[in-house]
> 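Next up is a structure, given as structure tokens.
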Amino acid sequence: MSRNTSTPTTAAALAVALLGLTACTTAEASPTPHTAGTLQPGTAGIGDRIHPGLGNGGYDVRHYALDLRFAMDLKHYTATSTVQARASQALSRFNLDLTGATVREVTVDGRKARWSRSGEELQVTPDVPLRRDERFTVRVRVQAPVLDTEQVTKLDVGASYGMVRHGSWIQTSNQPSGAHRIAALADHPAQKTPATITVTAPTKLNSIANGELTATSHHGAYTTRRFESRQKLATELLQIGIGPFTVVHQQGPHGIKLRYALPTNQARSIEPQLNKTVPEAIRFLEQRLGQGTFPLRTYGVYATPLGGELETQSLALLAADSLAPKAYVDNGTDTVVEHEISHEYFGNSVSPRRWSDAWLNEGHAVYYQNLWTAREHGTSVEDAMRGMYQDADANLRKEGPIAAPHRRAFQPQAMAPYGWTAYQGGALTLYALRQKVGETDFQRIERAWIREHRDGVAGTDDYIRLAGRVTGQDLGPFLRSWLYGEKVPAMPGRPDWHA
Ligand SMILES: [Zn+2]
């Protein structure tokens with residue numbers, strides 16, 4: 001892919017700045033005293049080793065709004081993304097992430113902007129260059145087909161396909177790199193912001209998205225619903241759903257609102273399982289992570305015929321059939337429900353700084369899922385961890401270190417780093433830490449982690465530092481040997497375990 005990821009040298013930067021100025025209108029052709037710093041284009045990515053094109057340099061995102069309007073047959077849509085941002089450098093040009101869709105219009109602060117496309121980047125040249133610290137609003141209107149399941153399979157991007165249509169259903173699965181298939185966005189969790197999502201869909205169907213429903217308006221054959229995420233929402237966690245579903249409302253622990261979007265013809269049979277598991281899983285996590293710490297005021301599930309298992313924020317995507325009474329018991333779906341709920345702390349509230357930090361999402365989710373399974377189904381956490389430990393060296397050889405996996409090891413690469421190292425490797429690392437410092441200190445680390453980085457972005461180094469500070473021990477060498485080693489270290493307190 002043609003990407004402008006390198007940092008220009010000073011001479012190159014000047015040349016680029018000059019080119020940028022020449023290309024723009026003359027209003028600010030010579031830098032005024034307000035133009036702090038040299039004009040440069042923003043970089044195409046934010047320096048993510050695994051996904052170098054995701055996110056965009058040169059600005060901080062303050063808010064994004066997505067306005068999606070679907071055709072009656074759900075086969076096409078128009079998406080307008082409105083991104084409010086602040087320039088972190090003087091910008092001659094900047095990028096958004098976008099692939100697949102057709103661009104119809106780009107404006108910056110209401111004025112038409114020039115744009116071009118390069119690989120999965122949309123390059124936007126504002127009419128007037130942006131000063132450092134200047135706030136601006138970029139709006140991009142695109143049109144695109146909603147791909148069906150067959151077309152999505154051909155993309156060969158695994159579960160990172162963006163939106164998919166399946167009969168009269170639409171669902172969204174972006175993690176880690178699919179959101180810029182939907183609309184032009186800064187598609188990296190480190191650039192998450194509060195968000196407004198507006199969905200206009202046929203009135204005969206229902207629609208839903210992350211956050212709280214704040215407005216509904218009917219206009220003939222179409223209905224528009226607006227959803228607000230006051231918590232910052234990473235693009236990888238977007239959920240946009242349309243289909244013949246019913247939304248059931250329930251009360252969760254201490255006033256948390258629960259909403260389940262369930263296929264209308266299965267709602268009655270699915271709801272009892274969710275009523276049993278969801279409030280209890282929130283209580284279970286709060287017992288360990290602190291009363292009243294659950295990051296959301298509204299939590300829910302979007303169950304569809306196609307489904308998947310994805311922690312889309314405040315509205316986890318699940319397969320409807322796996323929630324039916326018999327399958328729920330046979331498959332142990334409660335453990336999946338708990339896993340996705342734990343992501344509201346790990347991954348959604350505390351988002352990864354870079355994609356190689358994904359072990360902090362999945363490792364935690366697997367770790368707490370194992371505690372839940374032990375309590376609910378009488379399994380042994382030790383047995384589960386020993387099983388993972390036995391597989392460790394083979395998987396580290398294949399995927400690379402837990403906190404530094406190799407992109408090339410993942411098939412398809414769009415799904416990197418979702419593999420053994422993030423899930424089992426991450427859980428094993430947390431278990432090893434718990435073995436080393438004991439349950440009391442481990443809980444103190446975990447509680448500090450979700451408290452200090454709530455609604456924020458944090459990475460591996462932050463976790464290592466925090467663990468050391470909370471326990472008063474230098475845990476750096478220990479944790480690094482787990483996270484960056486090519487071979488699995490000895491498990492504290494388990495001398496009989498062999499990889
Ligand atoms: Zn997970």
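Residues take their numbers from the sequence shown, with the count starting at 1. Atoms within each ligand, like the ligands themselves, are counted from 1 in listed order.
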> Is there any ring pair (Phe, Tyr, Trp, His ring centres under 6.0 Å) pair reaching into residues 381-411, and which pairs are they, with sequence neighbours excluded?
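Every ring pair (Phe, Tyr, Trp, His ring centres under 6.0 Å) pair that includes a residue of residues 381-411, provided the two are not neighbours, is Tyr389-Trp497.
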> Check His343 and report its N/O/S atom nearest to the Zn ion (ligand 1), by atom name.
NE2
> Can a salt bridge be assigned to the pair Asp67 and Arg69 using a cut-off of 4.0 Å between side-chain N and carboxylate O?
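Salt bridge between Asp67 and Arg69, a charged N being under 4.0 Å from a carboxylate O: yes.
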> Name of the His339 N, O or S atom nearest the Zn ion (ligand 1)?
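Closest N, O or S atom of His339 to the Zn ion (ligand 1): NE2.
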> Could you name each residue pair satisfying ring pair (Phe, Tyr, Trp, His ring centres under 6.0 Å) that touches residues 315-350, not counting sequence neighbours?
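Every pair satisfying ring pair (Phe, Tyr, Trp, His ring centres under 6.0 Å) with a residue in residues 315-350: Phe294-Tyr345, His339-His343, Phe346-His364, Phe346-Tyr368.
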> Quick check: of its N, O or S atoms, which one does Glu362 have closest to the Zn ion (ligand 1)?
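This turns out to be OE1.
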> Can you tell me which residue among Lys232, His188, Lys192, Gln191 is in a side-chain hydrogen bond (donor to acceptor under 3.5 Å, both in side chains) with Ser351?
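Only one of Lys232, His188, Lys192, Gln191 forms a side-chain hydrogen bond (donor to acceptor under 3.5 Å, both in side chains) with Ser351, namely Lys192.
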